[in-house]
Amino acid sequence: MISFLRGPVAHVGLSSGVIDVNGAGMAFWATPQTLAGLRLGEEATVHTSLVVREDSLTLFGFADAEEREVFEVLLGVSGVGPRLALAVLAVHSPEAVRVAAHSEDAKAFTKVPGIGPKVGARLVLELKGKLVPLGTGQEPAVAAAGAEAPWKAQVIEAMASLGWSEKDAAASIEKAMADAPEVAASGSVPEILRATLRWLGQGARALKAGARG
């Protein structure tokens, strides 16, 4: 089993990355949040989970061991494959998944594209008792009045690495945080990035629905 990769980052895409491990390019699939933390040419460590199928070996990468653990527990739910498990972690933090499972909040899971009420109900049923909250919330880091939030530049940089212009990224962050002030108040870069990407996804789906109408 490949538990982690360590080496210079050779490639960062929208849904995958490559790390040079002693001259071998090791490719892995990951969430936008994990990929946003990688920088081309810089040394990085990515925790990994190898999914074995009859016709393939696929590596999935994570920012930390906790995220990998939640991913692997999600794979134990009937009907949940690695891509759907990764989609859950693209929308919710590992702790949020634990909280949703523990509190039997099926609606939280239906916020993930591809998960409807039936699958959401199955997730809380099968995850109950397997995932419990760890209480890993961070202390709020609120910016001083009139000062730019200290996290903003980091989130813009992360989105720029995923293909957005700095102008579009800044505008999207501002609009997303207006809808989720509690996330902005947390000062957590991963949470703010996740909320902004989720907000952009909802906007894209609304536009498609309007076009069909």
Side-chain angles (χ1 to χ4, degrees), residues 5 7-20 25-47 59-64 67 71 82-94 96 111-115 138 140-213:
L5 302 176
V9 177
H11 171 73
V12 180
L14 293 177
S15 56
S16 64
V18 176
I19 286 183
D20 183 342
M26 303 293 288
F28 57 91
W29 295 93
T31 64
Q33 296 91 319
T34 295
L35 294 168
L38 304 178
R39 297 290 179 271
L40 283 175
E42 293 186 8
E43 177 110 351
T45 298
V46 175
H47 297 262
L59 206 58
F60 292 85
F62 308 93
D64 52 46
E67 190 176 35
F71 172 82
R83 298 301 174 86
L84 189 56
L86 201 66
V88 171
L89 289 167
V91 174
H92 297 297
S93 68
K111 294 179 181 179
V112 179
I115 295 182
Q138 299 179 356
V142 182
E148 183 174 282
W151 46 259
K152 190 170 184 179
Q154 297 179 57
V155 180
I156 290 175
E157 183 181 357
M159 292 186 66
S161 72
L162 295 173
W164 278 275
S165 69
E166 290 189 6
K167 181 179 178 180
D168 289 343
S172 298
I173 293 166
E174 183 176 345
K175 292 176 182 178
M177 291 304 96
D179 289 344
E182 71 285 357
V183 177
S186 75
S188 169
V189 172
E191 290 292 341
I192 293 166
L193 174 61
R194 185 178 293 110
T196 303
L197 293 173
R198 185 163 60 242
W199 182 87
L200 284 166
Q202 291 170 348
R205 288 195 294 275
L207 286 173
K208 288 181 181 179
R212 288 196 297 268

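Throughout, residue positions are numbered sequentially from 1 according to the sequence presented.
In this structure, Glu43 places its CD atom where more than 12 heavy-atom neighbours from other residues, nucleotides or ligands lie under 6.0 Å away.
When every heavy atom of Gly17 is checked against every heavy atom of Leu35, the shortest pair comes out as N-CD2, 3.8 Å. For the pair Ala63 and His47, the tightest heavy-atom approach, listed with the atom from each and the gap, is O-CD2, 3.8 Å. In terms of heavy-atom proximity, Leu38 sits nearest to Ala44 at CD2-CB, 3.8 Å. The nearest pair of heavy atoms linking Ala30 to Gly61 is CB-O, 3.5 Å. Between Gly41 and Pro8, the shortest heavy-atom contact is O-CB, 4.2 Å. Closest heavy-atom contact between Leu193 and Val155: CA-CG1, 4.2 Å.
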* Gln33 and Phe62: side-chain contact (heavy atoms from CB on, under 4.5 Å), yes or no, with the steps? -> CA-CA 9 Å; Gln33 296 91 319; Phe62 308 93; over 6 Å; no
| task | Would you please test Leu197 and Trp164 for side-chain contact (heavy atoms from CB on, under 4.5 Å) and show each step? | result | CA-CA 11 Å; Leu197 293 173; Trp164 278 275; 3.7 Å; yes
Self-check item: side-chain contact (heavy atoms from CB on, under 4.5 Å) assessment of Trp29 paired with Thr34
Solution: CA-CA 10 Å; Trp29 295 93; Thr34 295; over 6 Å; no
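The distance from the CD1 atom of Ile192 to the CD1 atom of Ile173 is 8.5 Å, given to the nearest 0.5 Å. Rounded to the nearest 0.5 angstrom, Asp168 CG and Ile156 CD1 are separated by 11.0 Å. The structure places NZ of Lys152 at 15.0 Å from CD of Glu157, a figure rounded to the nearest 0.5 Å. Rounding to the nearest 0.5 Å places OG of Ser93 at 4.5 Å from CD of Glu191.
The only option from Val91, Val88, Leu89 that meets the side chain to side chain contact (heavy atoms under 4.5 Å, CB included) definition with Thr31 turns out to be Leu89.
A heavy-atom distance below 4.5 Å is found between the side chains of Met159 and Leu200. Using a 4.5 Å heavy-atom threshold, the side chains of Met177 and Thr196 count as touching.
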